[in-house]
Amino acid sequence: MTLKRFFIILLIFQLSINGIVAQQLLSPDKNMALTFSLNDNGIPVYQISFKNALVIKKSKLGFILKNDENNLFDNFAISNTETSTFDETWQPVWGEENQIRNHYNEMAVTLNHQKSNRQMIIRFRVFNDGVGFRYEFPEQDNLGHFVIEDEKTQFAMTGNHTAFWIPGDYDTQEYDYTESRLSEIRKLMTNSITDNLSQTTFSHTGVQTSLMLKTDEGLYINIHEAALIDYSVMHLDLDDKNMVFEAWLTPDVKGDRPYMIAPAITPWRTIIVSDDARDILASRLTYNLNEPSKIENTSWIKPLKYIGVWWEMITGKSSWAYTDDLKAVKLGVTDYRKATPNGKHGATTEHVKEYIDFAHKHGFDGVLVEGWNIGWEDWFGHSKDYVFDFVTPYPDFDVDELQEYAKTRNVQMIMHHETSSSVRNYERHMDKAYRFMKDHGYHAVKSGYVGDILPRGENHYSQWMVNHYQYALEKAADYNIMLNAHEAVRPTGIARTYPNLISNESARGTEYQAFGGSKENHVTVLPFTRLIGGPMDYTPGIFEMDISKLNPDNHSHVNSTIANQLALYVTMYSPLQMAADLPENYNRFLDAFQFIKDVGMDWEKSVYIEAEPGSYITIARKEKGTNNWFIGNVNGKTNRVSNIKFDFLDNDKVYIATVYADAKDADYKVNPQAYIIKKFKITSKSKLSQQSVAGGGYAISIFESNKTETKSLKKL
Ligand code: NOJ
Ligand code: CA
């Protein structure tokens, strides 16, 4: 690791604009410029430009405090400015590459609120690919406990940009993205709010981060936050007359925003900028603004490829619940042995064994089983406090027998904890639940927060809940357990600090393809939005797109081709990847399934070949510790030919490339299973011109080979 931290006065320039002294901080490559000043009223103001073009116009910073005559907004004077530069390269435990450079110039401005004599620091970090800033409240006599009523951070846009947005909501991110001009958000809001089991929207112009924007001049801007700890989620509300976004913090049950105790810091507000969309995907700014790993020995944290007793419940083919007899369940009182099994329960010992056998046969690391524990009969919709205990299996699920069975087949069992959003109940049981896992050989858990939060009235994204997710993550680390939380707060790079956070859902995942479908270009947006903060358990790999084939009562259609599903293993980076379809569907298409078996899970490097939000993404990744490469292309709303070069390959080697592509007549609606598989001999000089249909794509596996093996193959 190389580490440099030194102070250089010359980093900042004093500019005098309209008589007001502004300080300018440049990125290491000098393309990004951050300007900071106080306006006439003593309000902090910043602006950002990239290659001399304005990206964020003059935008205000600060806070209104609750029940406090002194806000932290105007009336400031600058009492100190410190600058420094930082350059280190760190190795993530898992990731899109094995080395990440963290290189920035920093400026910390200490502000003195003149009326109250309170201190607030604004710390800016300017990277080559963007800017992060946060507020800090040092320990001081005049500021101890305080409640934020409103964070006034602004992001003033330079025009009526194109945005890829989902409605601002205190409880869910499970929305399809809408692509529109900023001025159209208000008009399109109502239609963009689709049903969810827990949802609280707040404004006709409120959107969520990570927000992806494109200007008419071809600049790509991404606004998000990093290191969201002990604070509430930041949404953005647009003043659509002036095109200014302002932070909109998620309130708690009382309507309050974060409760703070000095010394305290806020999360980083982040703005990633480039004139090349691929740089947004390659940016590691969000991770870089998080602390290094707090877990010293990370040897137990390993990428996992898994299957699960899951899609059959999501589609309604089988059930999480054991019986249909019980109207209500009281744990410790209800006797399940007296109930009649409904004949549809997925998590039976015998059925799980079939999954374990399939995992073993095809080299998967793990099997997730949902609906194994008692309580699913009335888990949802009753705002039940004591809902699950996470340790008592249904009578037809034998934990010990399955532990033994999985072990002999070298397959790990993955635990499932649906909390039903009864958070107090989960915390009440957490130690026992994690201990139970360790005692039965489980090292990874998928948790979930479906429905409205208990304590009643809390929001999924309030400070109190953010603290709960963090508590569950840190406690899991204490038990050496890897965590994948669904419906939890969207990630903000915290996996750098706690790499046992191996994935999250926190967006509209594949499950929605069985709940009515998602837009065919959804997966060309997610890497630019949801994935900016960390990996997603998107659960790809659906081969049967007609859901009525699994459950005649479910007429949903998966809006994707098989080739597109394969590409997702590369384009939707996650150290936890599921092959979500049923074994019987994979058995029908074993040649295509081969790609899912082969594809790497942990990467030495990633090459972002082509990218445009909403339209297409093509990524090549080299598997850690091998010479294997995998390429994924996902395509948006229109047919497209992708032209790629293989110049990232070693130029002294010969490889076999297997291309899994949409057939000419493939169509995500009416012919999604039409794919072709072609094998070629390739070198670093090879080029490929490949068509992808709308909602389609291609996947390529590339293995190093020798002359004899490739003799009969056509050269690309
Ligand atoms: C919603 C999750 O996203 C899904 O994966 C899970 O199966 C259900 N909740 C039940 O816990
Ligand atoms: Ca979900």
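Every number for a ligand or one of its atoms is a count from 1 in the order of the listing.
Of the polar atoms of Glu511, at least one N or O is found under 3.5 Å from an N or O of ligand 1, judged by distance alone. Here's the thing with Trp379: none of its N/O atoms is less than 3.5 angstrom from an N/O atom of ligand 1. Taking only nitrogen or oxygen atoms, main chain and side chain alike, Trp310 reaches within less than 3.5 Å of ligand 1. At under 3.5 Å, not a single nitrogen or oxygen of Trp376, backbone or side chain, sits near a nitrogen or oxygen of ligand 1.
Smallest separation of non-hydrogen atoms from Met234 and Arg490: O-NH2, 3.3 Å.
For Lys384, the NZ atom sits in a packed shell: over 12 heavy atoms of surrounding residues, nucleotides or ligands are nearer than 6.0 Å.
In this model, no donor atom of one side chain and acceptor atom of the other lie less than 3.5 Å apart for His224 and Ser210. Judged purely by distance below 3.5 Å, without hydrogens or angles, the side chains of Ser192 and Thr178 pair a donor atom with an acceptor atom.
Restricting Glu174 to its N/O/S atoms, the shortest distance to the Ca ion (ligand 2) is reached by OE2.
Ring pair His235/Phe202: centre-to-centre distance below 6.0 Å.
Selection from Glu487, His416, Glu505 by nearest heavy atom to atom 1 (C) of ligand 1 gives Glu487.
Protein heavy atom in closest approach to atom 9 (N) of ligand 1: Val450 CG2, 3.3 Å.
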